[in-house]
Amino acid sequence: MKKSVLVLLALLVSVCAHAVEPFTISDIRVEGLERLDAGTVFNYLPLKVGDEMNDEEGRLGIRALFETGFFRDVKLEQDGTVLVVRVVERPSIASITILGNDEISTENLEQGLRRAELVEGRIFNRASLEAMEREIQQAYLAMGRYSTTVETEVEDLERNRVGVTINISEGRVARIRKINIVGARQVSEEDLKDEMNLIERRGWRLFTTRNQYSKQKLEADVERIRSYYLDRGFHDFKVLSTNVDISPNKQNIFISISVEEGEVYTFGDTVIESAEAIEGLEELITIQPGEPFSRKEVNETRAAIADRYADDGYAFVEVRPVYDTDRETLQVTTVLTVDPKQRVYVRRIEITGNTHTRDEVIRRELRQFEGAWYSASAVRRSRERLNRLGFFASVTIETPSVPGTADQVDMRVVVVERETGSIQLSAGYSDADGALVGVNFQQRNVLGTGRELRVDVNNSDAAREASVTYNNPYYTPDGISRGITLSQQEVNSADVNTAEYILDTTTAEVTYRIPIAETNSLNLGVALERLDLASTSETPPEFLPIIEENPEADDVVLTLGVSRDTRNDFFFPTKGGVAALSTEITVPGSDFEYYKVNLNGSYYLPIGESLTYKVGGGIGYGDGFGDSADIGLPFFKNYYAGGSRSVRGFDGRSLGPRDSGATPQPLGGDRRILVNMELLLPPFGDGVNKDKRFGLFFDGGMIYGQGEDVDLDEMRYSVGLSFNWFSPIGPFSLSYGEPLNDKAGDEIENFQISFGTLFR
């Protein structure tokens with residue numbers, strides 16, 4: 001095409017620039033312009049007044065004007081000593097209409113047109129239009145629409161303009177009709193197909209996109225098949241060919257993969273060769289002699305050895321496997337050659353992206369230090385600690401080499417801050433507490449210091465509360481945190497699903513968190529509580545004696561606990577876990593003498609690239625002592641279960657003992673057991689989204705009252721679907737739970753919703 005254009009241009013130049021007698025140009029006149037001005041021609045024409053006009057200069061002038069793309073025809077003529085430039089302009093684009101596109105948005109197509117300079121008001125270029133046709137066709141081919149046709153119409157309009165219409169017939173998506181794996185004899189063809197992402201079109205599979213052909217997906221599937229064989233002893237496995245055929249109607253795809261399996265090999269000895277030996281390498285070898293050869297097992301051992309070296313300063317270590325194959329015994333001896341390269345240390349730590357958060361707040365979370373040997377695990381831990389702060393939307397750490405050196409790297413910490421402060425009127429709802437409205441001020445990063453200040457005034461169906469909390473996570477330089485809270489709470493349980501009572505509590509509390517290891521901490525606290533208890537006309541007889549004897553009470557409450565947190569994210573963890581053992585006990589001599597012991601935890605296990613399995617639970621036990629031994633755990637400290645934060649599918653706080661009134665209401669209890677298992681997955685089609693996810697859950701739990709035996713047969717269970725979203729207005733959760741073993745008298749609530757409250 002390009003060659004033809006040049007030939008045509010040469011012919012035009014030879015015709016239009018006919019031989020002339022040389023002359024000196026006294027003036028230049030342009031004729032034939034409709035939209036362009038003469039200045040545009042003068043700008044591109046290499047000839048000026050005073051220049052000598054001859055055949056060569058004429059050819060160069062015509063070529064220059066043609067190359068602008070503005071003109072269909074150019075002639076240079078002589079009128080005495082005046083150079084006359086006669087042009088015929090190319091038409092401009094008056095309108096562009098796109099028809100028939102559903103799968104690709106008009107906006108995306110228009111972006112492509114703009115890149116090709118096919119825009120209303122621009123000069124029309126047919127070559128650009130033809131190139132755009134091919135690009136659109138290729139875009140639909142990539143989507144598996146092989147029968148797509150793209151046709152363009154160009155209509156001549158008045159004033160040397162054109163209207164362009166792009167007609168797209170998208171056709172149907174070509175589906176994979178058959179996948180054949182030729183040469184699979186020792187391994188089932190169906191097992192290999194199960195490893196593939198692409199599947200054949202059949203039955204219910206009509207409604208999936210996995211049976212739509214994609215070259216990239218097929219290449220990935222071939223690698224999956226290769227890995228499947230190499231992980232099961234087929235050391236000599238080869239993929240001979242991959243063929244893709246399409247039916248004449250372009251609706252069906254046929255894939256044929258030809259393989260050569262070879263023999264099954266077993267592992268022989270494994271040897272590590274390194275110029276810089278490190279202790280403990282032999283313990284990292286997971287390869288067992290006599291087991292089927294597995295490339296995956298070799299790679300895991302390689303990674304473990306590389307990580308061990310990287311933790312000792314060898315940031316650029318390479319571990320290469322060399323296989324010595326004995327084809328008579330069908331054994332593979334694996335030699336892992338370690339090239340540790342130069343041991344490096346971190347010269348400088350650079351922090352960028354923190355426009356609000358102070359450098360020192362970030363640096364105190366880092367476990368890799370300047371001037372120290374590089375450690376890969378310390379870098380990973382630093383990233384995890386920064387993510388868990390909740391101050392940043394993303395944290396990236398890079399360790400580039402220092403130019404001109406062989407033993408130094410810099411550590412670049414790049415953060416993207418998220419909003420940590422808010423002043424808002426809030427509205428929320430919880431199935432357990434009912435409607436919630438409030439005024440909230442929160443700054444989790446006061447003046448960029450990492451300290452938190454929170455002021456809450458909330459009013460719900462269950463309670464009215466006002467509190468002020470100030471927390472300094474680094475009260476001491478070595479990481480001891482201190483929190484101070486002042487609060488006032490009024491509880492009237494008449495408006496929620498529990499037995500009725502009224503309680504006003506004024507509290508002043510100081511808490512300390514003392515780190516005792518990288519992920520473990522000791523938690524201490526002391527609180528002064530002033531309690532005012534009152535009854536209503538519906539208060540059950542189980543509560544009345546306690547209220548009448550202690551309408552006012554003063555307690556000193558001590559809290560002691562240990563916790564471990566290895567989660568990789570504050571809001572949506574995908575690995576690690578959190579566990580806590582805590583004790584709450586009043587000082588002897590308090591008006592209510594009681595204690596509570598709680599053990600809670602959850603663990604997150606990543607499955608593949610996007611799924612996470614969560615298992616968790618909790619056990620709680622409380623009782624009275626001293627003068628309160630006869631009443632046990634005070635009723636206002638009882639445990640509850642049921643609802644979106646414990647056993648979904650059952651009404652909030654509804655499980656366990658009930659009072660003896662005409663309409664029995666939940667009393668709560670002094671013992672609680674909870675279990676939870678959940679498969680967490682991202683929103684469909686959005687595997688990288690970090691602010692929302694779905695879950696398939698299994699919940700279990702029960703409350704046991706004073707004097708009751710713990711009977712696991714009384715546990716209630718449910719299964720269902722959940723959705724959590726960290727929305728712009730706060731946390732939002734929705735769940736549908738179906739009880740598995742509900743009994744007479746249980747209160748069922750399948751759909752449960754909450755927003756403005758933290759996730760479970």
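Counting heavy atoms from C-beta outward, V395 and E384 have side chains that stay 4.5 Å or more apart. T242 has its side chain within reach of V222: a pair of non-hydrogen atoms, C-beta onward, lies under 4.5 Å apart. No side-chain heavy atom of S227 sits less than 4.5 Å from a side-chain heavy atom of K296. Proximity of T337 to V322: side-chain heavy atoms (C-beta onward) are separated by under 4.5 Å at one or more points.
Between E678 and R648 there is a salt bridge, since at least one side-chain N of the basic residue sits less than 4.0 Å from a carboxylate O of the acidic one. One finds a salt bridge joining E350 and R412 here, because a Lys/Arg side-chain nitrogen approaches an Asp/Glu carboxylate oxygen to under 4.0 Å. The pair E261-K238 does not meet the salt-bridge criterion, since no charged nitrogen lies less than 4.0 angstrom from a carboxylate oxygen.
By the ring pair (Phe, Tyr, Trp, His ring centres under 6.0 Å) test, Y474 is found to be paired with no residue, residues two or more places apart in sequence or in another chain being considered. With sequence neighbours excluded, the residues forming a side chain to side chain contact (heavy atoms under 4.5 Å, CB included) with S188 are E190, D191, listed by chain and number. Here E370 pairs with R348, I349, R363 under the side chain to side chain contact (heavy atoms under 4.5 Å, CB included) rule; sequence neighbours left out. Under the side-chain hydrogen bond (donor to acceptor under 3.5 Å, both in side chains) criterion, D410 pairs with R347, sequence neighbours left out. For Q342, the side-chain hydrogen bond (donor to acceptor under 3.5 Å, both in side chains) test picks out no residue, with sequence neighbours left out. By the side-chain hydrogen bond (donor to acceptor under 3.5 Å, both in side chains) test, T286 pairs with E297, T301, sequence neighbours left out. With sequence neighbours excluded, no residue forms a ring pair (Phe, Tyr, Trp, His ring centres under 6.0 Å) with F697. For I246, the side chain to side chain contact (heavy atoms under 4.5 Å, CB included) partners are Y146, K250, I253, not counting sequence neighbours. By the side chain to side chain contact (heavy atoms under 4.5 Å, CB included) test, E223 pairs with R226, sequence neighbours left out.
Using a 3.5 Å distance cut-off with no hydrogens or angles, the side chains of R482 and Y475 do pair a donor with an acceptor. No side-chain donor-acceptor contact under 3.5 Å links N724 and R693. Looking only at atom types and distance, the side chain of D699 has a donor-acceptor partner in the side chain of N676 under 3.5 Å away. R367 and S382 share no donor-acceptor pair across their side chains, judged by distance under 3.5 Å alone. Between the side chains of Y265 and D236, a donor-acceptor pair is found at a separation under 3.5 Å. S521 and S563 are linked by a side-chain donor-acceptor pair at a separation below 3.5 angstrom, with hydrogens and angles left out of the test. Between the side chains of T476 and D478, a donor-acceptor pair is found at a separation under 3.5 Å. Side-chain atoms of T357 and N445 form a donor-acceptor pair, as typed in the model, at a separation below 3.5 Å. Between the side chains of D359 and N354, at least one donor N or O lies within less than 3.5 Å of an accepting N or O. In summary, the side chains of S375 and Q368 do not present any donor paired with an acceptor at a separation below 3.5 Å, with no hydrogens or angles considered. Side chain to side chain, R175 and N211 meet the donor-acceptor criterion of an N or O pair below 3.5 Å.
Within a 6.0 Å radius of CD in Q111, more than 12 heavy atoms belonging to other residues, nucleotides or ligands are found. Heavy-atom contacts from other residues, nucleotides or ligands closer than 6.0 Å to CD of E219 number more than 12. The neighbour count for E263 CD, taken as heavy atoms of other residues, nucleotides or ligands under 6.0 Å away, does not exceed 12. Counting non-hydrogen atoms of other residues, nucleotides and ligands closer than 6.0 Å to CG of L696 gives a total above 12.
Listed for the S274 side chain is a donor-acceptor partner under 3.5 Å among the backbone atoms of E276. K193 places a side-chain N or O within donor-acceptor distance of the main-chain N or O of I179, the cut-off being under 3.5 Å. With D565 contributing its side chain and R567 its backbone, the two residues share a donor-acceptor pair below 3.5 Å. For Q186 (side chain) and G262 (main-chain N/O), a donor-acceptor pair under 3.5 Å exists by modelled atom type. Between the side chain of T566 and the backbone N or O of G577 there is at least one donor-acceptor pair closer than 3.5 Å.
Annotation: the span from S582 atom OG to N598 atom CG amounts to 4.5 Å, rounded to 0.5 Å. One finds the CG atom of N197 at 10.5 Å from the CG atom of L218 (value rounded to the nearest 0.5 Å). With values rounded to the nearest 0.5 angstrom, T559 atom OG1 is found 7.0 Å from L524 atom CG. One finds the OG1 atom of T399 at 9.0 Å from the CD1 atom of I397 (value rounded to the nearest 0.5 Å). The distance from atom CD1 of I181 to atom CG of L192, rounded to the nearest 0.5 Å, is 4.5 Å. Note: I607 CD1 to Y613 OH = 8.5 Å, rounded to the nearest 0.5 Å.
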Verify side-chain contact (heavy atoms from CB on, under 4.5 Å) between V271 and L336, making sure each step is shown before the conclusion. CA-CA 6 Å; V271 180; L336 297 174; over 6 Å; no

Before you tell me yes or no, could you show the steps for T355 and E417 under side-chain hydrogen bond (donor to acceptor under 3.5 Å, both in side chains), namely the whole-Å CA-CA distance, both residues' side-chain angles and the distance that decides it to 0.1 Å? CA-CA 8 Å; T355 58; E417 293 182 314; 2.9 Å; yes

Stepwise salt bridge (charged side-chain N to carboxylate O under 4.0 Å, His left out) check, R177 with E200: CA-CA 5 Å; R177 175 62 67 180; E200 297 170 341; over 6 Å; no

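Applying the ring-ring contact (aromatic ring centres under 6.0 Å, His included) test to pairs two or more places apart or on separate chains, those with a residue in residues 272-331 are H235-F293, H235-Y323, F267-F293, F293-Y323, Y309-Y314. Residue pairs meeting the salt bridge (Lys or Arg N to Asp or Glu O under 4.0 Å) criterion with at least one partner in residues 298-321, sequence neighbours excluded, are D312-R343, E318-R320, E318-K341. A ring-ring contact (aromatic ring centres under 6.0 Å, His included) check over residues 356-413, counting only residues at least two apart or in different chains, returns nothing.
Annotation for R295 and D231: closest pair N-OD1, 3.4 Å, computed over non-hydrogen atoms. When all heavy atoms of G450 and R364 are compared, the closest pair comes out as CA-NH2, 3.9 Å. Considering every non-hydrogen atom in both E328 and D326, the closest pair reads N-OD1, 3.0 Å. Across all non-hydrogen atoms, the minimal contact from V409 to S401 is CG1-CA, 4.1 Å. Contact detail for T574 and T612: the closest heavy-atom pair is O-CG2, 3.5 Å. Residues E365 and R385 approach most closely at OE1-NH2, 3.0 Å, considering heavy atoms.
Under the 6.0 Å distance and 45° angle rule, R232 counts as a cation-pi partner of Y228.
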